[in-house]
Every structure is written in structure tokens, then in C-alpha cells.
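I have placed the structure first, in the form of C-alpha cells, so that the comments after it can refer back to it.
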Number of protein chains: 2
Amino acid sequence: MSATRPTMEDVAARAGVSRALVSIVFRGVAGASPATRERVLAAAADLGYQPDRRASRLGRARTRMIGVVFHLGHAFHGDLVDSLYVAAAESGYELVLSGVTARRPEEEAVRALLGECCEAVVLLGSALPARALAELAARLPTVSVLRDVRADGVDVVRTDDTAGLRAAVAHLHGLGHRRVMHADGGRAPGAAQRRRGYRDAVRRLGLPEPPLLPGGLTEEDGARAADTLLALPPGERPTAVTAFNDRCALGLLDAVRRAGLEVPHMLSVVGFDDIRAASYAHIGLTTIRQDADALGRLAVGRAAARLDEGEPPGRPLVVPPALVVRSTTAPP
Amino acid sequence: MSATRPTMEDVAARAGVSRALVSIVFRGVAGASPATRERVLAAAADLGYQPDRRASRLGRARTRMIGVVFHLGHAFHGDLVDSLYVAAAESGYELVLSGVTARRPEEEAVRALLGECCEAVVLLGSALPARALAELAARLPTVSVLRDVRADGVDVVRTDDTAGLRAAVAHLHGLGHRRVMHADGGRAPGAAQRRRGYRDAVRRLGLPEPPLLPGGLTEEDGARAADTLLALPPGERPTAVTAFNDRCALGLLDAVRRAGLEVPHMLSVVGFDDIRAASYAHIGLTTIRQDADALGRLAVGRAAARLDEGEPPGRPLVVPPALVVRSTTAPP
DNA sequence: GGAGCTGACTAGAGCGCTCTAGCAGAAGAC
DNA sequence: GTCTTCTGCTAGAGCGCTCTAGTCAGCTCC
């Protein structure tokens, strides 16, 4: 509390050196003798001095800050942010988070970031129109993670959703399933690609192609998909379902089980993402794992490449997903 | 992209006015004629000028920033952050988020915030030792949300967990349950209070007091509690369970249902928090609702009162919870 | 013993804003 | 017609840092 926080000036005065020397010590660059360095550090500790990063960034030519727009409430975004923190630290960048919530739209989150002078932005699962993204990309390097978008100047880092769903269907086919349905993600980022992967695989394997189950991002959407499924005449019921994502799969699982269908014996279910909950022992959801670490690293990598090496926006970076077999799939 | 972002100077030159006038216009204070104001705004729009908030905060005496430490992955923290955003905007503050993840400990999150020069910090469900909190509070107004802690100078904003659990037990008692167990939260913030509420109620109502079920914060912990419960000899099995939180309740629900117990007829379950998933139609979890909006508003209110009115840290602010009856509770 | 280093340190000009003081010039008071 | 009061605007000194361009000892080297 006290009056105001101590500044570099105060530390300098106490250590009996110039302000510049204190700066040298705190930036950890060469130019101070070990003895002085220690004296400065001691003075700083006495005063409880903490460098003001805002001022430091102002004085510096570069801010080395990357803005991140993420959705509070999307569990997978949490995993991504974790990996972004690590990757950013490795490349000497700092993250500034801007959350999207029920009452804080994405536009607002982006606007806030622009005012903070970050050098690049990483958008997780952005729902902004391509035009808005292109506009943003015209101002500063922009990386869209999870969402594949063709917008001028926008870098894309995403999972190979199509391959993921193909792998899911192939896995089910390998188990002997013939009638596989897909709980669709609608307009969610990645949904179109997963839909395509599902259709590709079903056709390629010569399986019947039943209509899509209307699903979505949340457990509730999954439960709705289950209702649709359960309403089907027995002959048309699938023996396996691929879901848009894990949350959807979890909701679906819950609902079909309560309707008396045994999983995996009467119905196999495959999710997408591999969120934490999927691996819980009592759930054991077979799923397509998105590699959050790779996605985060590539996103920061793209931003850094454009900032540090002056690279132009590149083609989409696509991370292969991995099938994780647990206990919600079995032969029909 | 281009060279560098335009500054106030550029806007001033283009509009043919002084830098100070541009500042006046952008701060929205009196002192510029409508005509000039418009001219400045037009020039700024032409240039794509965006004021640099870092510089603006440097120049200003106060930064009006509140730091928020939250856990990515705790769904309820998302609700709180949403409400904090709203409350902060209302009191003219800005939020700066610092996330806690698997690989980014709370200490690190706090440290980052100190460097950003926020005027106060709000910690959601902090797990820091009381000493560390007191130290932090010695530097700047500190509000602990969800976690009740007796540390010098630390403001606390929390739900009346004890009352919540009393209400849960009373509800079950009212339905005719006699044997009610509690899936405990261990060392999680609020767990001790909820445990106390449970015990209070059970004693007061003259119910038997069985041992606690070891639970925790996550679905997995809930499933583990279910295992313990299911392993009980039939005579000792409860007819109802109160869970530390919703996620724990959900995990428990899932596990007991799969073991063949019908909910609510064979077992009633009450959660805590009222996270989004609790209200999903297919789940319909009876729970104790924490008022995220009130918690957020009070947290910002405390910070603002200390900053703006110079108030000293006050006594804990306790928000009453509310019982939300859905479909996981019924007479035994 | 002077040139040329090097290592340790300082002065001072920014960075992009804010904000106090102050200055013209028009309007109103008497 | 002078004096005040406003309105609309500008000059310029910060805010707490960074960083370039020094200064100044104390070396080595021939």
C-alpha cells in the first residue's frame, strides 16, 4: 500500500548508482560488475521494487506481447492456453489474455487486445466473419487456431479434423460396425471438416450413409443428438456414433445410457478433442486426441516467425490427430 | 503491419491540431468544439489510429486495472470472470487476466500481475498459503474469492458454504431421507465450510452421521466417491448424497447410475455451484447455486472501495446460496 | 610512456500518452 | 470602453522505463 510503488530511481539512489545501471541489472545484460549487481539487487529487495513492465515495454522498441482471445468455458481452450504460455515463454514472448464470455463478445475481446499493443494475436476457435479476420490481419499478424478460415493474411493452425474423423470411422469399421452415424457440430469451428471426414470414410468403406444427427458443442447438444438417435426405428439405429467433440459425446453417452442402451455393447461412441474428462477412469471415452501442445507451439511459432523473421503469412499448419482407444468402443 | 502504428502525433498533424487536443478528444473530456472533435476523429479513422493504453496508463496517475488470477479449467471460474468483466466495466476498471494452468503455478500468475502494475488483485479459489496472501495484501488490495482465509489485509468474498450445505441436507430431510452422506472436497477452497454445514445439519436434524465419502473437485473424484459408496454394505448405504461441487456430483451420478442405482429413486444427489452443465435438460442436477454475479460484483466492489474511497480491508462478504431443485432428488 | 583497449558506469533523449498552466480572442457585465 | 469570464486550444513537463553515446579509470603492449 504505502504511498506509491518504488521506481528505478529509488533503487538507484539507494544503491548509489545511476538509473541506467539499475536498468542494466534488471534486464540482465552485461555491463555491471558482480559487486554492483548485488548491491542493486539488495537495494531493490529492501524497497520491494518490482520493475514496471508497462513502462519497460514502452521504452523498448518491441513489446514482445502476443494477445490471445479464448473462450472461458471451453475446456479445450484451457489446454491450449496452457501450451501457449509454455511456448511463448520459450520464444521470449508474453501472453495477454482476453476472454470471451456470455456477456463479452469476441469483437470486444479483440478490441481490448488492440489497445494493449500486442504485436500479434492468436484467436482460439474464432467465430468472427472472415472479413473481420482479414481486417485484423491487415493490422497485425493474426493466427486462427482450430478454425480453418480462408482470409487474407490470416495464419491458420489446426488439427486435421477430416483425418480425425476418418480414423474414428475406420476404427469402428475395423471393429465390425456397419451402421455408423455422426453427431454433427453444425457451424462450430472444425465441424465442416469433421463432417467431411465422416462422409469420406463412410463412402470409401462402402458403409451406408445415414443422415446426420444434429449435435453441437455442448453436452446438451449431445443429449439432443441422443434423443434423435433413440427416436429412430430399431432397424435404422446405428451401432456406433462419432460425435463432433468430447462434450457432445459425453452428453450423448449419458442420455443413451439412461435410455437403457449399454455402451459399448449396444452402441459404440467416439469423441473428439480428448479433454481431461474423457480420460477419467469411469468415463474412458474413446476419442480423437487433438494435440494441444503442438497446436500451441505452432501458433506461437507462426506469430514469432512473422514478427522476428518477417515471414509472410503461410499456408495452414495442420496437426495430425491421434485415435485414443478407451472403453466406449467395442465390436457391435 | 506496415511500418509502425500511428500515434497521437500523426493524428494531430493530419487534423491540424495539437497533440493535446487529440488526447482531449479521445478521453472524451470537455475542451474541444464539436467541429474539431469530428475532424480529429475522422483523421484518426483515416489513419486507423488506436490509442495505446499502456502509454495512456503510464501518463495517468492511476492505472485503474484490476488483476485477476483464475484457473483455466475450472468451469465456475469462467462464470466468475464473466461477472468480473461486467462489474469492472461498470466501475470504470479494466481487468488483466492471469491464468493458472497445469504448468503455470499460481505464484507465477501473481508475479506476472505485479509487473503489470494493476492496482488490486482478485484471486479466484486461491490455494496460496495465508502468509503469501498477507504478503501480497501488504503491497496492494487483495481480494480472495471463494476461498475463506484469515490473512492480514486480505478481503474475502465468498458464498455461505455452510448455509448451502445445511440447505441441501434440510431439503433431503424434508423429502424423507434419513441416511445422508457427504462426498467431501478435502482441502479445496470452501470444502471445510461445506463439511461443517453438512455436519451441523445432520446433527441438528438428528440424523445419523456416517463417515465422509472421500471426494474432490473433479468428476473423477466424484466417481471415486461413488465407488466407496457402492462398496458399502447395503444396510449402510445412504439414500442421498451431498457432493462438494457439481463436477463431483456429476461424476458420482454417472458412476452410480452405471452400477445400476436409479437416481433419484434409489439415490438422491445434490451438487454445489450450479455450473452450466447442472441445468442441462438431460442432467437436471439439484444443486446449491453460487451467485457468480454477486460474487463478482462484490469482489470488484471491495477492490474499488479500497482504491477509490481508501477503505481499509473489511470483514468477509458472504453471499447466500440458493437451493435449485431439479430432478436428481426425490423421496427415498 | 603514449596508443589502444576494455570494463564499469552515467547523461540524456526518447517511447506515446496525460495533464497542468497558460494564451488568444470572443462574449458578457457594468 | 475597460474588466472579467468563457471557450477552444497549445506548450511542455512528466510517467518509469530503455538504450545510444558517451566518460573515465585502469590495463596491456610495444
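Lettering of chains follows the sequences in order, A, B, ..., and the numbering in each one begins at 1.
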Regarding the side chain of B/L58, the nearest nucleotide among C/dC19, C/dG16, C/dC17 is C/dG16
Any donor-acceptor N/O pair, A/R64 side chain to A/S91 backbone, under 3.5 Å:
yes
A/A61 or A/T7, whichever maps to the more 5' nucleotide of DNA chain D:
A/T7
Using whole Å, report how far CE of A/M8 lies from P of C/dG12.
18 Å
Distance in angstrom units between A/F26 CZ and D/dC19 P, rounded:
16 Å
If only atom types and distance count, is the side chain of A/R158 paired as donor or acceptor with the main-chain N or O of A/G190 below 3.5 Å?
no
Between A/R19 and D/dT18, is there a side-chain N or O to OP1/OP2 distance below 4.0 Å?
no
In whole angstrom, what separates A/E9's CD from D/dC15's C1'?
12 Å
Using a 3.5 Å distance criterion without hydrogens, assess whether the side chain of A/E106 forms a donor-acceptor pair with backbone atoms of A/A127.
yes
Measure all distances between protein nitrogen or oxygen atoms and nitrogen or oxygen atoms of nucleotides 6-9 of chain D, and list the pairs falling under 3.5 Å.
{"residue": "D/dC9", "atom": "OP1", "partner": "B/T36", "partner atom": "OG1", "Å": "2.6"}
{"residue": "D/dC9", "atom": "OP2", "partner": "B/S33", "partner atom": "N", "Å": "2.8"}
{"residue": "D/dC9", "atom": "OP2", "partner": "B/S33", "partner atom": "OG", "Å": "3.3"}
{"residue": "D/dC9", "atom": "OP2", "partner": "B/T36", "partner atom": "OG1", "Å": "3.0"}

When the distance from CZ of B/R62 to C1' of C/dC19 is rounded to whole Å, what number comes out?
16 Å
Using atom CZ of A/R60 as one end and atom P of D/dT20 as the other, report the distance to the nearest whole Å.
13 Å
Rounding to a whole Å, what distance do you find between B/D52:CG and C/dG14:P?
18 Å
Would you please confirm or rule out a distance under 4.0 Å between OP1 or OP2 of C/dC19 and any side-chain N or O of B/R27?
yes
B/R5 has an atom CZ; how far is it from atom P of C/dC15, in whole Å?
15 Å
For the CG atom of A/L114 and the CZ atom of A/R111, what is their distance to the nearest 0.5 Å?
9.0 Å
Can you tell me how far apart CG (A/D79) and CD1 (A/I275) are? Round to the nearest 0.5 Å.
8.5 Å
Result for 5'-nearest mapping on DNA chain C, choosing between B/A55 and B/A20, is B/A55
Using the ring of each side chain (for Trp, its six-membered ring), is A/H74 parallel, tilted or perpendicular to A/H71, with breaks at 30° and 60°?
parallel
Between atom CG of B/L58 and atom OG1 of B/T63, what is the distance when rounded to the nearest 0.5 Å?
10.0 Å
Could you state the CZ-C1' distance from A/R64 to D/dC17, rounded to the nearest angstrom?
17 Å
